[in-house]
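Here the structure is laid out as structure tokens; the discussion comes afterwards.
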Amino acid sequence: MKTTITEQDGNLVAKFEGRLDTAAAPQTEQELQPLKNCQGHNIILDCSELAYISSSGLRLFLTVLKNAKPLGSHVYISGMNQELRNVFTMTGFINLFEFK
Amino acid sequence: MKIARSGQLKKSLQGTLDIMEQQDARLIRSITLPNDTQTIPQLAEFVDGVCEELDLDMGTAMQLNLALEEAVVNVMDYAYPAGTRGDILIEAQANDVRLIFTIIDKGFPFDPTAKEDADVTLSAEERPIGGLGIYLVRQIMDSINYERVDDQNVLTLCKQLKSVTAGEA
């Protein structure tokens with residue numbers, strides 16, 4: 001599992017590659033720390049190379065959203081495959097995020 | 001602490017697994033993992049192997065991976081006292097009709113099916129950070145059953161397989 005954060009067109013983009021399972025979650029949480037100071041930027045969670053997510057990963061996404069919302073930043077999810085989308089539908093996360 | 005099926009446990013499970021007559025089973029496999037969530041990739045490999053052997057589609061394989069991870073992580077987190085090592089036995093059995101995973105540990109009596117479902121209609125602000133695990137298991141599997149047998153927690157997850165026989169499709 002690899003997470004890379006870059007700034008693109010004023011947005012903070014976190015690109016996920018691999019399996020975001022319970023084993024990978026602690027390290028991914030560390031790698032997402034730069035998103036904490038997102039004031040003035042929208043966040044894009046790029047899931048085009050994300051193969052799998054479990055509740056430990058969903059928890060990290062929710063933490064990003066809960067932090068960003070009061071700062072006025074939008075959190076968009078992009079590139080999700082159908083299987084990931086099913087997980088977001090099952091958990092109601094589909095209604096919490098904006099999608100690109 | 002080795003986990004093995006005792007006589008009484010075998011007997012009890014026969015109720016649940018009576019469809020799993022040996023001659024009728026297409027697959028019987030097991031793996032033992034320590035209560036360390038860093039071993040989840042080994043569980044994924046095990047589940048992928050089962051799904052491949054049963055020729056299940058990728059979507060079903062991912063959902064089964066998810067259900068198994070959530071159920072097993074729950075056991076890893078709660079069955080044994082913090083800092084104590086304990087083993088978890090995961091068995092897969094399948095015939096043409098269904099796939100059954102049995103998760104067995106020797107930890108504290110703990111019935112995850114007694115847990116209330118997460119409320120998935122709440123807004124981001126209202127959403128608690130945790131509590132999705134068992135909810136996902138319920139969503140994905142067709143049944144979950146918990147039993148305490150011989151000082152072991154036995155959690156049985158069942159998934160109906162799309163029947164390949166004509167007339168049942």
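Reckoned from all heavy atoms, side chains included, excluding hydrogens, waters and symmetry mates.
Per-residue heavy-atom pair counts under 4.5 Å with chain B were compared for A:Ser55, A:Ala51, A:Gly92, and the maximum is reached by A:Ser55.
Heavy-atom contacts from other residues, nucleotides or ligands closer than 6.0 Å to CD of B:Glu45 number 12 or fewer. Surrounding CG of B:Asp57 are more than 12 heavy atoms belonging to other residues, nucleotides or ligands, all under 6.0 Å away.
Both the backbone and the side chain of B:Thr37 have a heavy atom closer than 4.5 Å to some heavy atom of chain A. In this structure, no portion of A:Asn81 lies under 4.5 Å from any heavy atom of chain B.
Contact check for A:Leu84 versus B:Met62: side-chain heavy atoms found under the 4.5 Å cut-off. Side-chain contact between B:Gln63 and A:Glu83 is absent, with no heavy-atom pair separated by less than 4.5 Å. For the pair A:Lys66 and B:Glu125, the minimum side-chain heavy-atom distance is 4.5 Å or more.
The hydrophobic clustering, which links ILVMFWY residues whose side-chain heavy atoms are closer than 4.5 Å, places B:Phe110 and B:Val154 apart. Taking hydrophobic clusters as Ile, Leu, Val, Met, Phe, Trp and Tyr residues chained together by side-chain heavy-atom distances below 4.5 Å, B:Val47 shares a cluster with B:Ile31. Note on B:Leu136: it clusters hydrophobically with B:Ile144, by side-chain heavy-atom contacts below 4.5 Å among ILVMFWY residues. Two different hydrophobic clusters hold A:Tyr76 and A:Leu50 under the rule that ILVMFWY side chains link at heavy-atom gaps under 4.5 Å. Under the 4.5 Å side-chain heavy-atom criterion for ILVMFWY residues, a single connected hydrophobic cluster contains both A:Leu65 and A:Phe99.
With a 4.5 Å cut-off between side-chain heavy atoms of Ile, Leu, Val, Met, Phe, Trp and Tyr, the cluster of A:Leu71 takes in none.
Minimum interatomic distance between A:Thr91 and B:Tyr135 (heavy atoms only, all atoms of both residues): CA-CE2, 4.3 Å. Residues A:Leu62 and B:Arg127 approach most closely at CD2-CB, 3.8 Å, considering heavy atoms.
Close approach to chain B, defined as a heavy atom under 4.5 Å from one of its heavy atoms, is seen in no residue of residues 36-46 of chain A. Using a 4.5 Å cut-off between non-hydrogen atoms, the part of residues 64-79 of chain B that approaches chain A consists of B:Asn65, B:Leu66, B:Glu69, B:Glu70, B:Val73. Listed by sequence position, A:Asp21, A:Thr22, A:Ala23 are the residues of residues 21-33 of chain A in contact with chain B, using a 4.5 angstrom heavy-atom cutoff.
Atom CZ of A:Arg19 is separated from atom CD1 of B:Ile40 by 9.0 Å, given to the nearest 0.5 angstrom.
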